[in-house]
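If you're wondering where the values come from, they're calculated on a predicted model, not measured in any experiment. The chains referred to below are lettered A, B, ... by the order of the sequence lines, with proteins before strands, and numbering in each begins at 1.
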Amino acid sequence: MSIRLYDTATREVRDFAPLEEGKAGVYVCGLTVQSEPHVGHVRSAVNFDVLRRWLTHRGLEVSFIRNVTDIDDKILTKAAAQGRPWYNLAYDMKRELDAAYAALNVLPPTYEPAATGHVPEMLELIEHLIAKGHAYAAEDGSGDVYFDVRSWPSYGELTHQRIDDMEAAEDADPRGKRDPRDFALWKGWKKATEPETAAWPSPWGPGRPGWHIECSAMAGKYLGQAFDIHGGGVDLRFPHHENELAQSRAAGHGFASYWMHNAWITTAGEKMSKSLGNSLLIPSVLERFRGIELRYYLVAAHYRSHVEFSFDSLEEAATGFQRIEAFLERAGAVEPGEVPDAFAAAMDDDLGTPAAMAVLFDTVREGNKATDPTGHAAAVRAMLAVLGLDPADPAWGPTGGGDDRMSAVVDALVSGLLEQRATARAEKDFATSDAIRDRLKEAGVEITDTPDGQKWSLA
RNA sequence: GGUGGGUUGGCCGAGAGGCGAGGCAACGGACUGCAAAUCCGUGUACACGGGUUCAAAUCCCGUACCCACCUCCA
């Protein structure tokens, strides 16, 4: 009956025991807002949205924090290349991201802190680390501050690596680092190349935060020094999460009890960040598929499984989902009921959405057989709701592909033709009957004959 | 060099010692004037080679190939 989750740190599925009974604190690394969101970015958000909804369904009061990194090297570089202020690029991309989340019914987090809004908290943490002997200001006058990995013996514990086995960072010249693996907590302002707006005052001179420190500072601020779950994409395990863990623990914080990482979604066997064109950007995908179909596609695979994206599989998934929708339409308006035990058991087992989906489809089949499908429909809606896939959720916007006035007009026009067709059929004049059906089909209206008479829908 | 993951039927995608997850597609049947939808039925898949076991896709050893991370990354 308890929820079990795979923890990257211990490499095993274990019972989820919250620090505080009945509550769960979850911190998920959001995005660096430097470019338009693609399918891969959104997978992470959807996966953790499902986690959040399931924890909530299980009666936990979830505090869900997802940050936004709105200042970093890439943002500065790209903005400069585009000839616009970095904060304008970051803000624009942030709005694109919000739109993508909304289109996929990703619930807004409890709070979404941005790095630039938490510089004081970061400075405080950095000073604390210096005071404890785990960080130092570079001696080359750059204004950088580094975390001293050699001062923290358990460095590498999250990803089970030993410092001496790691390749040294090649990116940066050693600058003022004591060890090449030391990472930046604070980056001194480079007057020559960086705008003044990208620098904040600090005890070491103007500069900006290093990447990792923001999460330690913000998680601490909103969830406390120790919290339950920290999530993100697999690529973040190292260095990002390893460094967060090191600096937080070195500062004396308990930090996260569980670490969860979602797997990649690739195209043509390649990581999306190296991506090919922009066909996988969310707005572009949404021109071909509805948000609910894309979400279904993402939820149907286990979050820790690598997914090879293709429009063919998305198409296939959409067809499968439409089967569920068609069942609900036939069943009529039903309030969500209880989730079947088998479904709950699947979800409890490290968010086993594939097995949960199997239960969902089994219920649909049973419902299609039943003379009164109400109970099955109620269960189906409950399962869909917890996966964020309930078609009746107002978050998906108006359904039916048009406003009410328009559909009333179409209905009036179509019913006239349907009456003619009914007459033809009654007289066994199937040539006329089929001609009417074909003509409507060309116009995009699909006719089906049911025991209750003819029904029409937009194709 | 270090660390982790993968290879399952035509396709997608679960499972982690015994009983064929589920979806898509295909084929046959029921229903239908014909369709659509729906239901019923049809598949001896687990990279390769050894081994352990009464029993292996699942455990062990070895091999091949693929992927990710090692300080920009969801």
Worksheet item: Any luck finding a side-chain donor-acceptor pair between Q322(A) and E293(A) under 3.5 Å?
Response: yes

Worksheet entry | Sugar-phosphate, base or nothing in reach of D449(A), heavy atoms under 4.0 Å | base

Practice prompt. Taking the side chain as every heavy atom from C-beta outward, state whether L76(A) and P195(A) have any atom pair closer than 4.5 Å.
Written response: yes

Practice prompt. Between Q34(A) and I447(A), name the one whose nearest nucleotide on RNA chain B is closer to the 5' end.
Written response: I447(A)

Fill in: Y258(A) and F16(A) aromatic centres sub-6.0 Å
yes

Worksheet item: With sugar-phosphate meaning primed atoms plus P, OP1 and OP2, does G30(A) contact a base, only sugar-phosphate, or nothing at under 4.0 Å between heavy atoms?
Response: sugar-phosphate

Practice prompt. Determine the interplanar angle of the H241(A) and H230(A) rings, folded into 0 to 90°, and report it as parallel if under 30°, tilted if 30 to 60°, perpendicular if over 60°.
Written response: perpendicular

Discussion item. Between the base of G22(B) and the side chain of D362(A), is one N or O donor paired with an acceptor at under 3.5 angstrom?
Written reply: no

Discussion item. So, OP1 or OP2 of G23(B): does either fall under 4.0 Å of a side-chain N or O from R365(A)?
Written reply: yes

Fill in: Between A45(B) and C11(B) - P atom distance, rounded Å
13 Å

Worksheet item: Can the ring centroids of Y222(A) and F227(A) be said to lie less than 6.0 angstrom from one another?
Response: no

Worksheet item: Stacking between F430(A) and the base of G33(B) (centre distance under 5.5 Å, interplanar angle under 30°)?
Response: yes

Worksheet item: Would you say G4(B) has OP1 or OP2 under 4.0 Å from some side-chain N or O of T8(A)?
Response: no

Output one line per pair: protein atom, nucleotide atom from nucleotides 42-46 of chain B, and distance, for all N/O pairs under 3.5 Å.
none

Worksheet item: Under a 4.5 Å cut-off applied to non-hydrogen side-chain atoms, are R237(A) and E242(A) in contact?
Response: no

Worksheet item: How would you label the contact of K428(A) with the nucleic acid (heavy atoms, under 4.0 Å): base, sugar-phosphate, or nothing?
Response: nothing

Practice prompt. Check whether any side-chain N or O of N243(A) sits under 4.0 Å from OP1 or OP2 of U71(B), and answer yes or no.
Written response: no

Item to complete: Assess whether one donor atom and one acceptor atom, taken from the side chain of D72(A) and the base of C72(B), lie less than 3.5 Å apart.
Response: no

Discussion item. Just N and O in the side chain of K369(A): are any of them under 4.0 Å from OP1 or OP2 of C40(B)?
Written reply: yes

Worksheet item: What stems involve RNA chain B, if each pair must be Watson-Crick or G-U and both of its distances must be under 3.5 Å, with 3 or more such pairs in a row?
Response: B:1-7 with B:64-70, B:10-12 with B:22-24, B:26-30 with B:38-42, B:47-51 with B:59-63

Item to complete: Between N368(A) and A301(A), name the one whose nearest nucleotide on RNA chain B is closer to the 5' end.
Response: A301(A)

Item to complete: Return no unless some side-chain N or O of R323(A) is found under 4.0 Å from OP1 or OP2 of U38(B).
Response: yes

Worksheet item: What about R162(A): does its side chain form a donor-acceptor pair under 3.5 Å with the base of C70(B)?
Response: no

